[in-house]
Amino acid sequence: IILTQDLGNLKSQMPANSNTSLQPKSYPGDTENAAPNHTGGIIHGLIKTSISNVNDCTVSFHCKVITGLLEVSHCKNLTIKLCKDATVVTVQADLCQNLTIEFHDAPSGKGISSVTNSRPPSMYWGEDKDDRIFHAGVENMIVRTYRDGYVDLEIKSDYKKDGAKAVGNATAEEVQFVTSVVDGELVTERVLRQGSATGTTVTGAVGGGDGSSGARAMTAREMKEVEKRKEQIRKAVDERLGSGSGIKIMDKEGNNVPVVKNNKNDTDDNANTNTKDATNDEIEEVYTGMSAEEIDSIVKDCEAQKTKGNEAFVACEYAQAVLLYTLTLDRAAELPDMANDTGSKSSSSKQLFPRHVVLSNRSAAFLKLGHHDKALADATKAVRLEPTYVKSSFRKGLALHAMGRYEEAISPLAAALKIEPKNKQIKQALQFAEVRMHQEMRKRMDR
């Protein structure tokens, strides 16, 4: 089986009009109603791929997988070849025998392009910590990475030989392992801390997107590294703030500059400011438990997915936009900024990535699809996260209006108008909601 770069010849097995809820809804006067339907043309990828009950076969991927997730289950004597144009970041394999997974110059999940091109990837699979293969109950699995046609790395795994044992009600086949590249070598480790998808959280797996999921599945080695990093941070803070240690100040030549200590009753705002600035990074890392590089990497991933979602929305591909916005929120859920969909965050914290913008965008996509209840839920979360973001309040009002809840729609629309008093679109929506509310009231009185 070969999945080529252009999948235009694939035929859907779903009967026509079997899922009308995914068809965008038209609104009177909306300019996007005239957008052309995207039928025909080149299809460059799949949303997600699942291979189940396939035996004695080789499957070659030359196409993109938007979510980066490949699921394999109940297969025997199966070889999977992921080639240079395939964008599979994570594999979840369950209950298979004699499974071979080969990465032929396949790209990493970082920095992959959304369009097909002939340029080599900036990173190959395995060079990022999120490039992983999760497996449970798999006998005789071989993983190979190729560079320029030659085997670069190889490892063999077997859940029995790797020490999987039944514990309580869980069978040995349910024990999760992960294979990834560590220090330039393929290694297989047991997953000790489960995540929230496939028994683990895999980058690209579709979740709720509301901040309730996103915990990273971790091995014993990774958990030790996190604890070691936290301990180093704690020591750094102790050295900075320890009794009598003070803050070391150096001149341009690296020589210590003596610090004049104030009396106990004296206050020095500048000294307090310097102390706060000097320890800010350490305190922040203790709070987050994550390095600045890791945070920056996640934020970049979120920005990239959000951009793809915006592009899909502009192209009137609202269902795909919803998916991409959901992936953005799933990735953002890994950030340790304590901001979630309930809006409960500490007074000193702020969002490391603007989730409210993505929630508002997904709300707009749900409105286009006619899923007014979901649009309302997203807009409400967005308002809680950032009450001053006008689009969230506006779309909350639109969702309530579309559901016939005209009286309730007035409050968020009025809030939006207060933020942008000169916005004609908001004014018209508010006036229309008031008119419809009075019409409903008159109908009830006439009864």
Side-chain angles (χ1 to χ4, degrees), residues 24 32 47-48 66-69 89 109-112 114 130 196-197 201-216 290 294-345 349-369 371-399 412 415-416 419:
E32 291 186 284
I47 293 177
K48 186 175 76 170
I66 296 173
T67 59
L69 177 61
V89 181
K110 301 294 182 184
I112 56 177
S114 59
D130 286 326
S196 60
T201 289
V202 293
T203 300
V206 180
D210 57 2
S212 61
S213 65
R216 175 184 169 87
M290 184 177 289
E294 290 174 313
I295 292 174
D296 185 58
S297 175
I298 294 175
V299 170
K300 287 181 179 178
D301 287 350
C302 293
E303 288 289 354
Q305 289 284 23
K306 186 186 76 170
T307 299
K308 293 177 183 178
N310 292 345
E311 292 172 353
F313 187 93
V314 171
C316 301
E317 297 173 355
Y318 304 120
Q320 184 168 330
V322 166
L323 170 68
L324 292 166
Y325 289 141
T326 301
L327 295 178
T328 305
L329 292 166
D330 285 342
R331 186 65 165 143
E334 298 178 25
L335 289 169
D337 53 10
M338 299 299 290
N340 52 48
D341 65 320
T342 63
S344 59
K345 54 181 177 180
S349 67
K350 64 178 182 178
Q351 294 186 86
L352 295 171
F353 178 77
R355 294 174 177 83
H356 64 282
V357 175
V358 183
L359 283 165
S360 181
N361 289 349
R362 192 170 69 172
S363 175
F366 277 135
L367 280 171
K368 290 294 186 181
L369 292 170
H371 298 307
H372 303 135
D373 54 340
K374 295 179 181 178
L376 174 60
D378 275 357
T380 302
K381 294 173 188 175
V383 171
R384 283 201 292 260
L385 282 172
E386 184 49 74
T388 62
Y389 189 61
V390 66
K391 290 185 178 181
S392 302
S393 297
F394 179 55
R395 285 163 182 163
K396 180 178 180 180
L398 292 181
I419 299 171

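Counting begins at 1 with the first residue of the sequence.
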> Does Phe313 reach the side chain of Asn361, with side-chain heavy atoms less than 4.5 Å apart?
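A side-chain contact under 4.5 Å is absent here.
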
> Ser393 side chain to Ala416 main-chain N or O, any donor-acceptor pair under 3.5 Å?
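Pair absent, no side-chain N/O of Ser393 close to backbone of Ala416.
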
> About how many Å separate CG of Leu324 and CG of Leu329, when rounded to the nearest 0.5 Å?
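Reported value, rounded in 0.5 Å steps: 11.0 Å.
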
> Please tell me if the side chains of Leu376 and Phe366 come closer than 4.5 Å, counting only heavy atoms from C-beta onward.
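SC-SC contact between Leu376 and Phe366 ruled out.
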
> Out of curiosity, Cys302 SG to Arg355 CZ, how far, rounded to the nearest 0.5 Å?
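One gets 7.5 Å once the value is rounded to the nearest 0.5 Å.
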
> Please report the interatomic distance CZ(Phe394) to CD1(Ile419), rounded to the nearest 0.5 Å.
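Reported to 0.5 Å precision, the distance equals 12.0 Å.
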
> Can you confirm whether Leu335 sits close enough to Val299 that some side-chain heavy atom of one is under 4.5 Å from a side-chain heavy atom of the other?
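Sidechains of Val299 and Leu335: in contact.
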
> Does either side chain, that of Tyr325 or that of Asp378, offer a donor lying less than 3.5 Å from an acceptor on the other one?
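Checked: Tyr325/Asp378 side chains show no N/O donor-acceptor pair below 3.5 Å.
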
> Would you please say whether a donor-acceptor pair under 3.5 Å links the side chains of Arg395 and Ser360?
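Side chains of Arg395 and Ser360: pair found under 3.5 Å.
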
> Between Val322 and His371, is any pair of side-chain heavy atoms under 4.5 Å apart?
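Heavy-atom side-chain distance check fails, nothing below 4.5 Å.
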
> What is the distance from atom CZ of Arg384 to atom NE2 of His356, rounded to the nearest 0.5 Å?
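NE2 of His356 is found 14.5 Å from CZ of Arg384.
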
> Does a donor on one side chain sit under 3.5 Å from an acceptor on the other, for Thr307 and Gln305?
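Distance-only check fails for Thr307 and Gln305.
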
> Heavy atoms only: give me the nearest Thr67-Ile47 pair and the separation to one decimal.
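So the minimum-distance heavy-atom pair works out to OG1-O, 2.8 Å.
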
> At what distance, to the nearest 0.5 angstrom, does CD1 of Ile66 lie from CG of Leu327?
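Rounded to the nearest 0.5 Å, the CD1-CG separation comes to 9.0 Å.
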
> Taking the side chain as every heavy atom from C-beta outward, state whether Thr328 and Glu303 have any atom pair closer than 4.5 Å.
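No, every pair of side-chain atoms sits at 4.5 Å or beyond.
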
> Restricting to non-hydrogen atoms, name the atom on Leu367 and the atom on Ala399 that form the minimum distance, rounded to 0.1 Å.
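The answer is CD2-CA, 3.8 Å.
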
> Tell me, yes or no, whether the heavy-atom count around Lys306 atom NZ, taken from other residues, nucleotides or ligands under 6.0 Å, exceeds 12.
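Enclosed: over 12 neighbouring heavy atoms sit under 6.0 Å from NZ of Lys306.
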
> Starting at OG of Ser392, measure out to CD of Glu386 and round the result to the nearest 0.5 Å.
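Going from OG on Ser392 over to CD on Glu386, the span is 8.0 Å.
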
> Looking only at heavy atoms, which two atoms of Gly309 and Ala321 are closest? And how far apart?
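Looks like O-CB, 3.6 Å.
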
> Taking all heavy atoms of Arg331 and all of Ile298, pick out the closest pair and write down the distance.
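Arg331 and Ile298 have their closest heavy atoms at O-CG2, 3.4 Å.
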
